[in-house]
Amino acid sequence: MDDSSLVWDDGALVTIDQRGLPHEVRELRLSTVDQVIDAIKALAIRGAPAIGIAGAFGVVMATAAHTVDGVVDEAAVRAEADRIAAARPTAVNLAWAVRRVRAKVSRGADAVLAETLDMLAEDGRVNRAAAGNAADLVQRLCPDRPLRVLTHCNTGRLATSAFGTAIGTLRVLAERGAIEQVLVDETRPLLQGARLTTWELAEAGIPHRLTIDSAAAWAMATGQVDCVLVGADRVTANGDVANKIGTYGLALAARHHGIPFVVVAPESTRDLAMATGREIVVEERAAAEVTGFGGVATAPAHTEVFNPAFDVTPAELVTAVVTEHGVVHRSDRSPGAAVADIAHELYRRGWMPGTAGNISVRTGATAIVTGSGLSKGELTERDMVTVRVADSAPVSDHGRRPSAETTIHTAVYRTRPAQAVVHVHPPFATALATRSAAPGTLGMLRITDYELIKGLGGDDPAVADIPVFPNWPEVPRIGADIERYLLDHPGALPVLVIAGHGITAWGANLAQARDRAECLEALCELVSRTGSPAAIGPRDDFLEIGPT
């Protein structure tokens with residue numbers, strides 16, 4: 001089998017049965033929904049991206065099985081899809097992938113298959129991009145020497161569809177001649193590190209040593225680890241990370257010893273609808289995984305067991321979360337540097353062209369906001385201005401003027417418990433919301449029935465009512481309009497549009513604010529590309545736009 005670990009072949013999903021490794025490389029051929037679910041539950045297929053794609057192939061099988069004379073029994077397929085999504089509750093990719101392909105069920109099994117194959121191809125590209133971004137970061141954090149890297153569990157092509165995330169990063173670093181040695185945690189209780197990661201590293205020709213999980217902290221203490229690289233099964237909006245059990249302890253030890261702790265994962269692993277890791281359901285597995293191994297009992301009969309499959313590492317212990325989009329969370333950056341990082345990313349996307357757009361983070365009674373008239377692609381920490389939330393007045397400016405839109409940011413902070421605001425100019429949202437806006441009138445855009453609406457952070461997952469504010473020449477007047485509206489509408493979504501002047505989004509942190517802006521732009525792109533009408537009505541005359 002080539003670098004791809006998941007292959008569709010004549011109505012069946014073909015993969016490697018990971019239970020046989022490293023001693024036996026045996027093919028697993030799955031052609032029914034029950035077989036897919038059993039393979040996911042039994043860890044024959046494992047790793048968040050891999051089980052997501054496998055689950056999507058399961059929906060293909062369900063759609064084909066419940067199609068008669070070209071007519072799909074959609075209710076039956078939905079029931080099967082729900083069963084697939086529930087097979088592993090902690091990893092968000094499974095539910096994400098199943099939701100994505102369910103949207104195609106009404107069009108038949110071929111449409112579901114096409115979407116799944118697109119997802120499969122995307123996964124390889126995404127993994128390579130995330131690995132390259134993470135390798136760049138690691139070399140900035142640990143420059144000028146071959147690296148000793150510790151990794152946990154398995155995050156290579158077996159855990160994804162191709163290349164891998166944290167192991168993909170090791171492969172990139174090895175190609176650059178930047179790896180001295182990898183220290184591999186065995187990863188109790190099922191030894192994914194000992195059985196799978198060592199097999200993949202040997203296959204890639206990367207030097208490595210295997211160690212027991214409880215030796216990792218001592219390896220750090222004795223100077224044998226420069227960096228820790230792990231994957232993730234879910235990353236919440238605030239940057240908390242769910243991953244294989246034992247990850248939290250590694251993060252604690254790495255923080256104590258001043259060692260970078262970097263998480264590499266695809267964007268699909270980030271769950272922006274979940275605020276913190278406290279909401280994550282941690283799966284517990286069978287007692288037999290702990291009381292024995294390989295059919296041999298190692299504990300007295302009837303011993304009670306605590307066997308969580310995952311733990312949750314708080315965001316403050318994570319040096320960085322890296323995806324295909326770059327660094328999306330940094331705990332070791334000052335607020336100003338974090339703002340600059342996000343600005344650079346949005347500039348590269350074309351959402352902050354030239355000097356347009358602005359970003360801020362709240363720091364108690366003050367906020368740090370980007371300076372006025374500066375290219376967002378070249379911002380540094382010293383290009384930020386500290387202003388008072390109460391009246392927008394600058395209190396520390398490094399010789400810079402605060403962004404002209406500062407009053408918009410402070411209006412949000414005075415009316416919402418937000419910690420970050422992003423104001424950007426993405427093309428689809430800006431164009432859709434301004435095309436028919438009436439001058440001097442508050443408009444409202446209603447978007448309905450798209451799955452992405454959940455990403456905006458509202459209470460109704462099916463309807464998004466987005467206010468469109470008039471673009472007054474005096475920006476403080478815009479800020480006053482926004483403040484008045486937010487006070488009058490405590491349940492309003494954390495996004496808004498200013499006609500001809502871009503969109504504003506806010507959240508509990510920079511990543512969440514940016515992602516809500518990204519979600520609004522994606523919704524507006526969907527609306528624009530489906531050819532739906534695009535006229536804005538006054539506040540009480542909603543334009544309703546949904547899938548065609």
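Residue numbers run from 1 in the order of the sequence given.
Two residues are said to be in side-chain contact when any heavy atoms from C-beta on lie closer than 4.5 Å; L170 and V149 meet this criterion. A 4.5 Å side-chain heavy-atom check between Q419 and V361 finds every atom pair outside the cut-off. You'll find the side chain of R255 reaches within 4.5 Å of the side chain of L317, heavy atoms only. In this structure, I259 and D226 have side chains that are not in contact, with every pair of non-hydrogen atoms separated by 4.5 Å or more. Within the 4.5 Å cutoff, no side-chain heavy atoms of T313 are placed close to those of N243. Side chains of N133 and V327 form no contact here, defined as non-hydrogen atoms less than 4.5 Å apart. Proximity of L94 to I84: side-chain heavy atoms (C-beta onward) are separated by under 4.5 Å at one or more points. Within the 4.5 Å cutoff, the side chain of H208 has heavy atoms near those of the T198 side chain.
Between D213 and R188 there is no salt bridge, since no side-chain nitrogen of the basic residue lies less than 4.0 Å from a carboxylate oxygen of the acidic one. For the pair R102 and E115, the salt-bridge criterion is not met [side-chain N within less than 4.0 Å of a carboxylate O]. Salt bridge annotation for D515-R270: present, with a cationic side-chain nitrogen under 4.0 angstrom from a carboxylate oxygen. Remark: R278 does not engage D240 in a salt bridge, criterion side-chain N to carboxylate O under 4.0 Å. At a threshold of 4.0 Å, the pair E525-R529 counts as salt-bridged, since one of the basic side-chain nitrogens sits closer than that to a carboxylate oxygen. Salt bridge status for R176 with D136: present, with a side-chain N to carboxylate O gap under 4.0 Å. Using a 4.0 Å cut-off between charged nitrogen and carboxylate oxygen, R157 and E203 count as a salt-bridge pair.
Between the T222 side chain and the A219 main chain, a donor and an acceptor come within less than 3.5 Å of each other. With hydrogens and angles ignored, the 3.5 Å screen pairs no side-chain donor or acceptor of D185 with any backbone N or O of T187. When atom types are taken as modelled, the side chain of Q35 and the backbone of S31 share a donor-acceptor pair closer than 3.5 angstrom. Side-chain atoms of N509 come within 3.5 Å of backbone atoms of A237 as a donor-acceptor pair (strictly under, hydrogens ignored). Without hydrogens or angle criteria, H152 side chain to V184 main chain gives no donor-acceptor distance under 3.5 Å. Between the side chain of E27 and the main chain of T15, no donor-acceptor pair closer than 3.5 Å is present. Between the T269 side chain and the A265 main chain, no donor and acceptor come within less than 3.5 Å of each other. Between the side chain of H329 and the main chain of V322, no donor-acceptor pair closer than 3.5 Å is present. Looking at N307, its side chain does come within 3.5 Å of a backbone N or O of A286 through a donor-acceptor pair.
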For V60 and W8, what are the C-alpha separation, side-chain angles and deciding distance, and is it a side-chain contact (heavy atoms from CB on, under 4.5 Å)?
CA-CA 11 Å; V60 176; W8 183 253; 4.0 Å; yes
Verdict with reasoning, L43 to Q18, per side-chain contact (heavy atoms from CB on, under 4.5 Å)
CA-CA 7 Å; L43 304 186; Q18 297 187 32; over 6 Å; no
Please assess E378 against K376 for the test side-chain contact (heavy atoms from CB on, under 4.5 Å), listing each intermediate value before the final yes or no.
CA-CA 5 Å; E378 300 174 356; K376 301 310 184 289; over 6 Å; no
Passes side-chain contact (heavy atoms from CB on, under 4.5 Å), V495 versus T504? Steps please.
CA-CA 6 Å; V495 292; T504 301; over 6 Å; no
Derivation of the salt bridge (Lys or Arg N to Asp or Glu O under 4.0 Å) call for K244 and D233
CA-CA 8 Å; K244 180 56 57 184; D233 289 86; over 6 Å; no
Give the intermediate values and the outcome of salt bridge (Lys or Arg N to Asp or Glu O under 4.0 Å) for residues D9 and R29.
CA-CA 9 Å; D9 179 44; R29 189 176 184 88; 3.0 Å; yes
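Donor-acceptor pairing under 3.5 Å is lacking for the side chains of D271 and T236. Judged by distance alone, the side chains of E267 and T323 do bring a donor and an acceptor atom under 3.5 Å apart. In this model, a donor atom of one side chain and an acceptor atom of the other lie less than 3.5 Å apart for N154 and R46. Judged by distance alone, the side chains of S268 and N93 do bring a donor and an acceptor atom under 3.5 Å apart.
To the nearest 0.5 angstrom, I45 atom CD1 is 5.0 Å from L13 atom CG. With rounding to the nearest 0.5 angstrom, the CD atom of E345 is 7.5 Å from the CD atom of E518. Here the CG atom belonging to L250 is positioned 6.0 Å from the CZ atom belonging to F261, to the nearest 0.5 angstrom. Put simply, CG on L252 and OH on Y248 are 4.5 Å apart, with the number rounded to the nearest 0.5 Å. To the nearest 0.5 angstrom, L196 atom CG is 9.5 Å from I16 atom CD1. I212 contributes atom CD1, which lies 11.5 Å from atom CG of L191 (distance to the nearest 0.5 angstrom).
Looking at every heavy atom in both residues, A159 comes nearest to P49 through O-CD, 3.4 Å. In plain terms, the two heavy atoms of M352 and N358 that are nearest each other are CE-N, 3.3 Å. The two residues P260 and T319 have their closest heavy-atom pair at CA-OG1, 3.5 Å. Considering all non-hydrogen atoms of both residues, P494 and R516 come closest at CG-NH1, 3.5 Å. Residues H257 and A217 share a closest heavy-atom pair of CE1-O, 3.8 Å. Across all non-hydrogen atoms, the minimal contact from N127 to S161 is ND2-N, 4.4 Å.
At most 12 heavy atoms of other shown residues, nucleotides or ligands fall within 6.0 angstrom of atom CG in D10.
For the pair R128 and F163, the distance from NZ or CZ to the six-membered ring centre is under 6.0 Å and the angle to the ring normal is within 45 degrees.
Exactly one of R234, R88, K41 qualifies for a salt bridge (Lys or Arg N to Asp or Glu O under 4.0 Å) with E283. That residue is R88.
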